[in-house]
Amino acid sequence: MSRLSFDIFCRVVDNFGDIGVCWRLARQLAGMPEQYAVRLWVDDLNSFARIEPRLGGVIPGALLDGVDIVHWTAPAPDLAPHAVVIEAFACNPPPPFIARMRQRDSVWINLEYLSAERWVASCHAMPSKQANGLRKAFFFPGFTPDTGGLLREPGLLSRRDAWLADPLCRTRLLRKIGVPDAHIASLGEGARQVLLFSYPDAPADSLIDALAAQVEPAVILAPAGVCPGLSRGQHGPVYVHDMPFVDQADFDRLLWSSDLNCVRGEDSLVRALWAGKPLLWHIYPQDDDAHMAKLDAWLALSPFPPSISALMTAWNRGERDQCRTLLKQALPPAAWAPWRTACASWSRQLSQQQDLASALTRFCLELQKS
Ligand code: TRH
């Protein structure tokens with residue numbers, strides 16, 4: 001049996017989710033006890049550098065966290081394929097590379113987007129017959145054990161809990177992203193911390209109104225360029241802080257330490273689930289409202305009470321008044337406590353499932369034998 005080694009192809013369509021998922025997967029595979037060789041092909045290094053500042057300092061040919069990063073240019077560098085080639089989100093590896101995969105007899109995985117829809121389980125692991133004889137299969141992430149699972153590094157939840165147990169860790173991180181001392185102090189005294197990573201049309205003003213109506217003040221952390229229509233600074237008792245982009249490790253820590261996480265797309269949703277805190281998901285918009293069916297499928301799996309599902313739907317539909325009303329109901333202690341409990345227990349429950357990278361390596365070993 002050939003030892004596993006991986007090429008991961010990533011084309012940045014827009015935003016940060018494509019590279020966000022691929023970078024996490026690449027690092028996890030490279031960090032496994034087997035020390036698999038991993039090469040990550042990325043077409044847009046500028047987007048990558050926004051979430052991985054160390055990239056700028058990498059000497060060509062050197063590894064970053066054990067991963068060999070290749071700039072996927074056209075024409076593509078002339079490299080010999082690894083045993084497993086993962087194309088993320090049907091990004092089409094270069095044809096000459098595919099021809100070399102045939103010579104090497106690599107197995108070929110199409111890693112798909114995350115969805116909670118029911119059809120995913122029946123398509124997960126499905127072979128895709130190739131005229132050139134290569135063994136190719138679909139691999140679908142998902143929320144249930146009959147899918148490929150979710151990306152989760154070993155010991156993630158314990159590391160989260162250990163980090164949260166030391167309040168100084170949070171203070172240092174807030175300082176690092178430039179939160180003024182007075183607001184750090186107010187967070188220490190019980191102000192609500194909200195991470196706002198949504199698409200531009202999120203009804204963020206209704207969030208501000210609802211937070212302003214609560215007993216405690218709030219600090220919203222808004223990454224640079226996110227929700228550009230929302231002015232930074234003080235809105236009554238709510239302070240909106242314009243934070244710089246941070247690397248994925250610090251992004252996770254901000255999710256862990258926030259009281260409410262407004263996330264979007266794919267990767268930040270999964271990371272917010274691992275944070276186990278109340279979250280508002282802004283799903284990636286698609287033509288013909290296809291994303292709303294995906295949102296409904298996810299809500300059907302969730303343990304959220306109907307009022308939170310209604311809030312999530314209103315948030316995604318941009319229904320400002322409805323959002324304001326539902327948020328005002330969701331934020332006070334009587335509704336907040338069950339929402340928090342539901343999120344914490346869903347996080348624990350999901351973490352019982354096999355993680356995506358482990359499921360993928362097992363699947364590849366089976367495919368190699370076939
Ligand atoms: O950026 P996104 O909107 O990406 C989207 C989705 O993945 C969508 O499904 C896909 O079709 C589209 O891209 C092309 O949201 P997402 O998926 O949450 O990815 C954001 C990544 O950016 C995630 O890995 C976290 C990371 N990030 C940081 O590392 N640091 C930061 O400061 C911020 C704000 C984000």
Side-chain angles (χ1 to χ4, degrees), residues 15-17 20 51 114 174 177 179 183 187 191-214 216-232 235 238-246 248 250-285 291-292 294-295 298-299 302 304 307-320 322-331 335-336 339-340 342-344 346-347:
N15 303 329
F16 306 98
I51 62 165
L114 173 65
L174 292 170
I177 62 166
V179 177
H183 293 293
L187 287 167
R192 209 183 292 242
Q193 181 177 316
V194 179
L195 181 64
L196 180 60
F197 183 53
S198 305
Y199 294 116
D201 56 337
D205 48 350
S206 60
L207 175 65
I208 301 266
D209 292 349
L211 286 168
Q214 305 309 307
E216 66 280 344
V219 174
I220 297 185
L221 307 174
V226 169
C227 291
L230 178 66
S231 62
R232 281 24 181 190
H235 297 246
V238 182
Y239 170 69
V240 181
H241 178 68
D242 195 43
M243 58 162 267
F245 264 59
V246 293
Q248 287 183 320
D250 276 348
F251 182 73
D252 286 354
R253 294 177 188 124
L254 289 172
L255 293 167
W256 300 345
S257 56
S258 290
D259 299 293
L260 172 64
N261 288 312
C262 305
V263 287
R264 71 186 202 188
E266 176 165 336
D267 188 60
S268 58
L269 166 69
V270 174
R271 307 314 284 193
L273 288 169
W274 298 140
K277 298 287 186 63
L279 68 107
L280 269 185
W281 182 29
H282 208 192
I283 191 167
Y284 186 75
H291 57 290
M292 292 310 286
K294 291 188 176 171
L295 178 69
W298 181 74
L299 289 172
S302 81
F304 302 143
S307 57
I308 297 300
S309 295
L311 166 60
M312 212 84 71
T313 304
W315 181 254
N316 278 278
R317 289 204 185 284
E319 294 165 350
R320 301 195 134 60
Q322 178 75 343
C323 262
R324 188 179 297 109
T325 305
L326 290 169
L327 271 165
K328 279 185 181 171
Q329 289 165 10
L331 295 175
W336 182 253
W339 189 10
R340 222 178 37 193
C343 290
W346 201 17
S347 184

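Both backbone and side-chain heavy atoms feed into the values below; hydrogens, waters and symmetry mates do not.
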*Asks:* List for me each residue that meets salt bridge (Lys or Arg N to Asp or Glu O under 4.0 Å) alongside Asp201, sequence neighbours excluded, and say none if there are none.
*Replies:* none

*Asks:* Checking Glu266 side chain against Leu114 main chain: does a donor-acceptor pair fall under 3.5 Å?
*Replies:* yes

*Asks:* Classify the ring geometry of Phe16 against Phe245: parallel below 30°, tilted from 30° to 60°, perpendicular beyond 60°.
*Replies:* tilted

*Asks:* Once you round to the nearest 0.5 Å, how far does SG of Cys227 lie from CZ of Phe197?
*Replies:* 10.0 Å

*Asks:* Does anything in residues 221-232 form a salt bridge (Lys or Arg N to Asp or Glu O under 4.0 Å)? List the pairs, not counting sequence neighbours.
*Replies:* Arg232-Asp242

*Asks:* Would Leu299 and Trp281 count as a side chain to side chain contact (heavy atoms under 4.5 Å, CB included) here? Give the steps.
*Replies:* CA-CA 10 Å; Leu299 289 172; Trp281 182 29; over 6 Å; no

*Asks:* Under 4.5 Å between any side-chain heavy atoms of Met292 and Thr313, yes or no?
*Replies:* yes

*Asks:* Would you say Trp274 and Ser347 make side-chain contact, with heavy atoms under 4.5 Å?
*Replies:* yes

*Asks:* Trp346: which residues meet the ring-ring contact (aromatic ring centres under 6.0 Å, His included) condition with it, sequence neighbours left out?
*Replies:* Trp298, Phe304

*Asks:* Which atom names give the shortest non-hydrogen contact between Leu196 and Val226, and what distance separates them?
*Replies:* O-CG1, 3.4 Å

*Asks:* What is the minimum heavy-atom distance between Leu280 and Met312, and which atoms define it?
*Replies:* CA-SD, 3.6 Å

*Asks:* Is there a side-chain contact between Gln248 and Asp267, using heavy atoms and a 4.5 Å cut-off?
*Replies:* yes

*Asks:* Please step through side chain to side chain contact (heavy atoms under 4.5 Å, CB included) for the pair Val240 and Ser231, ending with a clear verdict.
*Replies:* CA-CA 8 Å; Val240 181; Ser231 62; over 6 Å; no

*Asks:* Are any non-hydrogen side-chain atoms of Leu326 and Trp315 less than 4.5 angstrom apart?
*Replies:* no

*Asks:* Donor-acceptor pair, Asp252 side chain versus Arg271 backbone, under 3.5 Å?
*Replies:* no

*Asks:* For Ala272 and Leu255, work out which heavy atoms get closest and say how close.
*Replies:* N-CD1, 3.8 Å

*Asks:* How far does OH of Tyr199 sit from NE2 of His282, to the nearest 0.5 angstrom?
*Replies:* 8.5 Å

*Asks:* Mind listing the closest non-hydrogen atom pair of Cys323 and Leu311 along with its distance?
*Replies:* O-CD1, 4.0 Å

*Asks:* What's the spacing between Thr325 OG1 and Glu319 CD if we round to 0.5 Å?
*Replies:* 10.5 Å

*Asks:* Using the side chain to side chain contact (heavy atoms under 4.5 Å, CB included) definition, which of the options Val219, Ile220, Asn261 pairs with Leu195?
*Replies:* Asn261

*Asks:* For His241 and Tyr239, take the angle between the two ring planes, folded into 0 to 90°, and tell me which bin it lands in: parallel under 30, tilted 30 to 60, perpendicular over 60.
*Replies:* tilted

*Asks:* Would you name the heavy atoms of Gln193 and Ser257 that are closest together and state the gap between them?
*Replies:* NE2-OG, 3.4 Å

*Asks:* Looking only at heavy atoms, which two atoms of Gln329 and Ala335 are closest? And how far apart?
*Replies:* O-CB, 3.1 Å

*Asks:* Going through the distances and angles, do Leu221 and Leu174 end up as a side chain to side chain contact (heavy atoms under 4.5 Å, CB included)?
*Replies:* CA-CA 10 Å; Leu221 307 174; Leu174 292 170; 4.3 Å; yes

*Asks:* Using side-chain heavy atoms (C-beta onward) and a distance below 4.5 Å, is Ser307 in contact with Trp339?
*Replies:* no

*Asks:* Lys277 versus Ser258: any side-chain heavy-atom pair under 4.5 Å?
*Replies:* no

*Asks:* State, yes or no, whether a side-chain contact exists between Asp250 and Ile177 at a heavy-atom distance under 4.5 Å.
*Replies:* no

*Asks:* Indicate yes or no for a side-chain donor-acceptor contact from Arg192 to the backbone of Leu331 under 3.5 Å, with no hydrogens or angles considered.
*Replies:* yes

*Asks:* When rounded to the nearest 0.5 angstrom, what is the spacing between CG in Asp209 and NE2 in His235?
*Replies:* 10.0 Å

*Asks:* Could you tell me if the side chain of Leu269 sits less than 4.5 Å from the side chain of Leu279, heavy atoms only?
*Replies:* yes

